[in-house]
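Please read all numbers here as calculations on a predicted model, not as lab measurements. Residue numbers start from 1 in every chain, and the chains themselves are labelled A, B, ... in the order their sequence lines are given, proteins ahead of strands.
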There are 2 protein chains.
Amino acid sequence: MTNTNNIQQLRELVKTLVRNLGILEKSEASCCGITLGQCHAIVEIGSRKTISLNDLAEVLNLDNSTMSRTVNNLVNQNLAQREIDPSDRRYVKIKLTKEGEESFHSIEDSMAQYFETVLESIANDKRDQVIESLQLLVKAINNNKCC
Amino acid sequence: MTNTNNIQQLRELVKTLVRNLGILEKSEASCCGITLGQCHAIVEIGSRKTISLNDLAEVLNLDNSTMSRTVNNLVNQNLAQREIDPSDRRYVKIKLTKEGEESFHSIEDSMAQYFETVLESIANDKRDQVIESLQLLVKAINNNKCC
DNA sequence: ATACACTATTGCAATATGCAACTATTTTAT
DNA sequence: ATAAAATAGTTGCATATTGCAATAGTGTAT
């Protein structure tokens, strides 16, 4: 039997977490002169080497049309490039340009730095526990995808 | 000295968490026939009894103008109402209507139910640890607000 | 009384969004 | 082999969201 109080706490903590991180992401992106959507796209394209539009849209949970236009913006800012997949010409392979790679690494570095600071401000003997807990939580959430 | 691997894990876990919960919130809101912004507003108005526009905008990290218009939409859908604060007529007291209250409770119930399921799918002897860890993480993040 | 500070709303322009229609390409069925 | 169906991506369109700047109204301090 689950404790009602714990449920409320969990909900409240998650809400605070998501909200604070949303604000963080927003300011992080606008610091870099790109929108949040573009930032997410860069990170996803960058962390794979190449990705199709469909896949990118699915990962970011956006409509294909929206995704296509976001990629347009990246291309116009010389951060990404499109390339038709020769093995199946329906697909577009989206990659980062050299400039896009730089942007990607700069985002990654600054995020890594941020999370290092966060981790360091957690008591030494609690860090592993926090990570383990997040793993458990993510797993629990994935087990209960709604709708 | 913080472990690099842990930093990456933390970042990745947080990203997954935020993304999955974002999708959850989105579908939750659209199920109720309101936008995500409106849903956030309802929850915040509802969990206080009344709130000023300024405060609401700050909590939700939105521009006052955006907030004002979101409230407009809630008012038009008969979910919220504005009332000038008699003690300082610059302020608007935003409240939920009866219908808004219903919407609020329905959101709360469904969120509580969701998080109950999530909590239950975490091993019994790990639940307290997960909650404690989230508290630690939220505190650490608040200690390191960026920009 | 006047200047200043604060709250909220609106004009405006830029951006984002999703659905539906469309093109191009590949796969499947007959 | 050819027609039909499926798939990936783009664009038209209408709508919604967003934030800055300007404005109106209210309270505060000198």
Novice: Nearest-Å distance, OH (A:Y91) to P (C:dA24)?
Specialist: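 Rounded to whole Å, this separation is 19 Å.
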
Novice: Can you list the residues that meet the salt bridge (Lys or Arg N to Asp or Glu O under 4.0 Å) rule with A:K15, with sequence neighbours excluded?
Specialist: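 Only A:E12, B:E44 meet the salt bridge (Lys or Arg N to Asp or Glu O under 4.0 Å) criterion with A:K15.
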
Novice: Looking at residues at least two apart in the chain, or sitting in another chain, which of them share a salt bridge (Lys or Arg N to Asp or Glu O under 4.0 Å) with B:D88?
Specialist: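 Once residues adjacent in sequence are excluded, the partners of B:D88 under the salt bridge (Lys or Arg N to Asp or Glu O under 4.0 Å) criterion are B:R90.
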
Novice: What nucleic acid atoms does B:D88 come within less than 4.0 Å of, heavy atoms only: base, sugar-phosphate, or nothing?
Specialist: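 It contacts sugar-phosphate atoms only.
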
Novice: Please tabulate, one pair per line, each protein N/O and nucleotide N/O from nucleotides 17-21 of chain C that are separated by under 3.5 Å, including the distance.
Specialist:
from, atom 1, to, atom 2, distance (Å)
C:dG18, OP2, A:D63, N, 3.4
C:dG18, OP2, A:T66, OG1, 2.8
C:dG18, N7, A:S65, OG, 3.3
C:dG18, O6, A:R69, NH2, 2.7
C:dC19, N4, A:S65, OG, 2.9

Novice: So if I take residues 43-55 of chain B and measure heavy-atom distances to DNA chain C, which residues fall below 4.0 Å?
Specialist: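 Output list: B:S52, B:L53, B:N54.
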
Novice: Could you grab the distance from atom CD of B:Q9 to atom CG of A:L134, nearest 0.5 Å is fine?
Specialist: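 Answer rounded to 0.5 Å: 10.0 Å.
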
Novice: Indicate whether any N or O donor in one side chain lies under 3.5 Å from an N or O acceptor in the other, for B:D85 and B:S87.
Specialist: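 B:D85 vs B:S87: donor-acceptor pair found between side chains.
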
Novice: Which pairs, protein N/O on one side and nucleotides 3-5 of chain C N/O on the other, fall under 3.5 Å?
Specialist:
none

Novice: Side chain to side chain donor-acceptor pair (under 3.5 Å): which pairs involve residues 93-102 of chain B, sequence neighbours left out?
Specialist: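 As it turns out, the side chain to side chain donor-acceptor pair (under 3.5 Å) pairs with a partner in residues 93-102 of chain B, which skip direct neighbours, are B:N78-B:E99.
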
Novice: Would you compute the distance between atom CD of B:E28 and atom SG of B:C39 and round it to the nearest 0.5 angstrom?
Specialist: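 One gets 6.0 Å once the value is rounded to the nearest 0.5 Å.
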
Novice: Could you pick out which residue, A:M67 or B:P86, lies toward the 5' side of DNA chain D when each is mapped onto its nearest nucleotide?
Specialist: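 Its nucleotide being nearer the 5' end, the pick is A:M67.
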
Novice: Between C1' on C:dT7 and NZ on B:K93, what's the gap in Å once rounded to a whole number?
Specialist: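 For the pair B:K93 NZ and C:dT7 C1', the rounded distance is 15 Å.
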
Novice: How many whole angstroms separate atom CD of A:Q38 from atom P of C:dA14?
Specialist: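 Going from A:Q38 (CD) to C:dA14 (P), I get 17 Å.
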
Novice: Not counting sequence neighbours, which residues clear side-chain hydrogen bond (donor to acceptor under 3.5 Å, both in side chains) with A:T70? List them please.
Specialist: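 Not a single residue meets the side-chain hydrogen bond (donor to acceptor under 3.5 Å, both in side chains) criterion with A:T70.
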
Novice: Can you list the residues that meet the salt bridge (Lys or Arg N to Asp or Glu O under 4.0 Å) rule with A:E108, with sequence neighbours excluded?
Specialist: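 Checked A:E108 against salt bridge (Lys or Arg N to Asp or Glu O under 4.0 Å); matches are B:R11.
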
Novice: In Å and rounded to the nearest 0.5 Å, what is the CG to CD1 distance from A:L119 to A:I131?
Specialist: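 Here the rounded value is 5.5 Å.
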
Novice: Rounded to the nearest 0.5 Å, how far does CG of B:N61 lie from NZ of A:K26?
Specialist: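 Here the interatomic distance stands at 5.0 Å.
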
Novice: My understanding is that only residues two or more places apart in sequence, or in another chain, count here; which of them pass side-chain hydrogen bond (donor to acceptor under 3.5 Å, both in side chains) with B:K126?
Specialist: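 Testing B:K126 for side-chain hydrogen bond (donor to acceptor under 3.5 Å, both in side chains), a comparison that skips the adjacent residues, returns A:E132.
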
Novice: So, using side-chain hydrogen bond (donor to acceptor under 3.5 Å, both in side chains) as the criterion, who are the partners of B:T50 when residues are at least two apart?
Specialist: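 Residues passing side-chain hydrogen bond (donor to acceptor under 3.5 Å, both in side chains) with B:T50: none at all.
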
Novice: Going by side-chain hydrogen bond (donor to acceptor under 3.5 Å, both in side chains), name the residues that satisfy it together with A:S68, two or more places apart in sequence or in a different chain.
Specialist: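 Checked A:S68 against side-chain hydrogen bond (donor to acceptor under 3.5 Å, both in side chains); zero matches.
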
Novice: Going 5' to 3' along DNA chain D, which are the first and last nucleotides with any atom under 4.0 Å from a heavy atom of chain B?
Specialist: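 On DNA chain D, the outermost contacted nucleotides are D:dT17 to D:dG27.
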
Novice: For A:D85 and A:T35, find the nucleotide of DNA chain C closest to each by heavy atoms; which residue's nucleotide sits nearer the 5' end?
Specialist: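 This one resolves to A:T35.
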
